[in-house]
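Here's the structure we're looking at; comments come further down.
Here is the naming used below: chain letters follow the sequence lines, and residue numbers restart at 1 for every chain. On a predicted model such as this, the values are computed, not experimentally measured, just so you know.
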Amino acid sequence: MDALDKLTILADAAKYDVSCSSSGSDRKAVKGMLGNAAPPGICHSFSEDGRCISLLKILFTNKCIYDCAYCVNRASNGDMPRAEFTPDEVVAITINFYRRNYIEGLFLSSGVVKNPNHTMELLVDVVKKLREVERFNGYIHLKGIPGADQRLIDRAGRYVDRMSINIELPTTQSLRLLAPEKSRSEMIAPMGYIKEQIAEYKALSKRFQNTPSFVPAGQSTQLIVGATQEVDLKIIKISEALYNRMALKRVYYSAYVPVGKTEIATPNQLNLLRREHRIYQADWLLRFYGFKADEILTREEPNLDMEVDPKCQWALRNMHLFPMEINRVPFEALLRIPGIGNVTARRIMASRRFGPLNFDSLIKMGVVMKRAKYFITCSGQVFGGIDLEPMKLKQQLIDAPKSQTSQMSMFELYPGQFSGGGASYGLSV
Amino acid sequence: MVYLYDGTFEGVLSGIYVMFHQKCPVDAARLMHKDRYQYGIFDEVVLVETQVEEAGKVASSIIETFGQEAFRRIGYAYLSEDEAFGTILFKCLKRAYKLGGMAFENLSDPDILALYKCFNAVARESHRMLGLLRFMELEKGVYYAPFDPTYDLLGLMVPHFTERLNDQVWVIHDIKRRKAAFYNGHEVHFGELDPLDTMSLSAREHDYQKMWQGYFEHIAIDARKNPKLHRQMMPKKYWKYLVEKLH
């Protein structure tokens, strides 16, 4: 099997991993070394499902001793062609892709061969060769293998920009159900260890100039949504805890994709993708808009609304706070108005100093009036005749159906009945 | 009144210098690229001579009053090659000197916003192109990247790649504008370069192109294919030089 065959098999095997971000590391160019890392991240291409391709995202091998029900690479999936790279092959492909500006760096993960330590050693070998032999100075994201020795995590951490250990499923119970060979503590323990090491190296680097870096772009994780029954509130509470207590940079969510034959009941894919999208929106509210999980959802309303975005959902529950006066409320309050994003809020703050704004300039600055108009006044004025009664209001705010959802066919609405249990519903949302 | 400059950045700043000196009224004057201006019967035309010293005075005044970032914004906007750029700049500066130091932050003002839009279009394509530029390895180890950007981005590509690919010999070639940046492993030269007729690729180039195409094809999730989104994120006008879109 040549490198091209391996590459296509091991790209196939990696594509369900969501993360592709190359951001957050400020790896300065060094004369005589190949590459650097730009803090905002760069997309090098977009795959035909519309996702950004930034890193070369591959598995080292898709052979795996585990049998996790949600995973395409599980041991019992006999139809799956299997391949395994050598460390030198991964190194050569990475370097040659990088020199052609195809990629921003490497995102390397792996199935577990023999045992966690053996696998982790192979991965460490790749990143070590990249850094020390090839003098590669671009971005590297490495998956930590749950159950591998701390000493291996430690060695890897000195070479990579980001490390991630997937928590896979939201609760211990669902993990026991779908991935009985993995344990929660094997995922949480290294996460805690990496967090401590990052903090320690940061503290050291303040005192000693030559402190090596340790996972400078921080850690992230991924969890699968929709393979088990958790409500959305549970999921964003977990994310909130991971951000606050584990200092994670990102939590990625992946709508469960039925992979091959499986006993898991296949949920409706259309709703699941929309749900994934809503959870991402809620995640942004946690990270960039100053919301707490308990504000976004409540015990009475534990699930995200599929018809309006999470900020609208929150606003409709809190109409007593509106309308807000655009020319007066502080930045934190602007961020909470539906139809106003981070950039627009900053523009409003800057422009406001020159005099009161009017609706016309708000539109030019990027305020989405379709949503914002119900929640704001501008120098005391409201925007046209609007009705602020929450139930009617929600009807107005419902996302207009996109052309694709309006073409939704019987097949897509009732996949189980028509698709014969296959993985593909020909969906494009 | 129509003022004509020679198309250079110094030229347009010289135009600004003259127009401010002659106290041109903001609504009755235009500043145009002389090669793109079409004479109107009633136009009164002034040909501006490019004066590096006067252009420098305008530049320092802008930097002192509004800061480096504002000057950078003007530089990027110039690269948009927008037909009305000169006039947009004139109006923007007229307004900005009235508003004072933070003027460029005031995007609720239409004249400030007009310049911002030119800047933003260039900044966006420039960032996009840092990812979409593709190098191919020629014989003798030269990496060659042809591209065809909407705006004049060559100069904006160079700092990024001299850092990132500093141990590599490369050429970035703007096919439409027939110019290129040449990096020999130490320093960059700019020069004119016509589209190449023939190129001999290195022995392994074909293999890596094949691998990248294979990777691109297999990394997409079939069940979620979305051609519309795909084209929106990566518009067709860029496909011509993208290895993964050539089959």
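- A:Asn101 contributes a side-chain N or O that, together with a main-chain N or O of B:Leu130, makes up a donor-acceptor pair within less than 3.5 Å.
- Between B:Glu217 and A:Lys15, no side-chain nitrogen of the basic residue sits less than 4.0 Å from a carboxylate oxygen of the acidic one, so the salt-bridge criterion is not met.
- Few gaps surround CD on A:Glu132; more than 12 heavy atoms of other groups in view lie less than 6.0 Å from it.
- Surrounding NZ of B:Lys117 are at most 12 heavy atoms belonging to other residues, nucleotides or ligands under 6.0 Å away.
- Within the 4.5 angstrom heavy-atom criterion, no atom of A:Leu362 approaches chain B.
- Note that the CG atom of B:Asp109 and the CZ atom of A:Phe354 stand 9.0 Å from one another [nearest 0.5 Å].
- With rounding to the nearest 0.5 Å, the separation of SG in A:Cys43 from NE2 in B:His127 is 6.5 Å.
- Taking NZ of B:Lys225 as the reference point, atom CG of A:Asp49 lies at 8.5 Å (rounded to 0.5 Å).
- Separating the NZ atom in A:Lys31 from the OG1 atom in B:Thr162 is a distance of 9.0 Å, to the nearest 0.5 Å.
- Note: A:Arg347 leads A:Met365, A:Arg135, A:Arg347 in heavy-atom pairs under 4.5 Å with chain B.
- B:Met211 places none of its side-chain heavy atoms less than 4.5 Å from the side chain of A:Tyr102.
- The shortest side-chain heavy-atom distance between B:Leu132 and A:His44 does not fall under the 4.5 Å cut-off.
- A salt bridge links A:Arg100 with B:Glu205: the distance from a Lys NZ or Arg NE/NH1/NH2 to an Asp or Glu carboxylate oxygen falls below 4.0 Å.
- Counting only distance, with no hydrogens or angles, the side chain of B:Asn166 and the backbone of A:Ala29 share no donor-acceptor pair below 3.5 Å.
- Both the backbone and the side chain of B:Tyr208 have a heavy atom closer than 4.5 Å to some heavy atom of chain A.
- For the set A:Asn137, A:Ile348, A:Asn96, A:Asp360, the count of heavy-atom pairs under 4.5 angstrom toward chain B peaks at A:Asn96.
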Full working for side-chain contact (heavy atoms from CB on, under 4.5 Å) between A:Leu34 and B:Gln168: CA-CA 8 Å; A:Leu34 172 64; B:Gln168 188 170 322; 4.1 Å; yes
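- A:Arg352 has its side chain out of reach of B:Asn106: every pair of non-hydrogen atoms, C-beta onward, lies at least 4.5 Å apart.
- The number of heavy atoms from other shown groups lying within 6.0 Å of CZ (B:Arg72) is above 12.
- Counting heavy-atom pairs under 4.5 Å between each of B:Met136, B:Gln232, B:Arg204 and chain A puts B:Arg204 at the top.
- For the set A:Ser47, A:Ala14, A:Ala92, A:Ser361, the entry with the most heavy-atom pairs within less than 4.5 Å of chain B is A:Ser47.
- B:Ile219 touches chain A through backbone and side chain together, each having a heavy atom under 4.5 Å away.
- For a residue to count as touching a neighbouring chain, one of its non-hydrogen atoms must lie under 4.5 Å from one of that chain's; by this rule B:Tyr116 touches chain A with the side chain only.
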What's the verdict on side-chain contact (heavy atoms from CB on, under 4.5 Å) for B:Asn226 and A:Glu48, showing C-alpha distance, side-chain angles and the deciding distance? CA-CA 6 Å; B:Asn226 189 344; A:Glu48 285 174 319; over 6 Å; no
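- Between chain A and the options B:Ile112, B:Ile221, B:Leu107, heavy-atom pairs under 4.5 Å are most frequent for B:Ile221.
- For B:Glu105 and A:Arg346, the salt-bridge test fails: no basic side-chain N is under 4.0 Å from an acidic carboxylate O.
- Under a 4.0 Å N-O distance rule, the pair B:Asp167/A:Arg99 qualifies as a salt bridge.
- Taking CZ from B:Phe216 and OG from A:Ser45, the interatomic distance works out to 4.5 Å, rounded to the nearest 0.5 Å.
- Counting heavy-atom pairs under 4.5 Å between each of B:Phe135, B:Tyr238, B:Trp212, B:Tyr143 and chain A puts B:Trp212 at the top.
- Neither the backbone nor the side chain of A:Leu10 comes within contact range of chain B, judged by heavy atoms closer than 4.5 Å.
- Both the backbone and the side chain of A:Leu4 come within less than 4.5 Å of a heavy atom in chain B.
- Atom NZ of B:Lys98 has 12 or fewer neighbouring heavy atoms from other residues, nucleotides or ligands inside a 6.0 Å radius.
- With respect to chain A, the highest number of heavy-atom pairs below 4.5 Å among B:Trp170, B:Phe161, B:Tyr215 belongs to B:Tyr215.
- Chain A forms the most heavy-atom pairs under 4.5 Å with one residue out of B:Arg164, B:Arg134, B:Met234, B:His230, and that residue is B:Arg164.
- Not a single donor-acceptor pair under 3.5 Å links the side chain of A:Tyr98 to the backbone N or O of B:Leu165.
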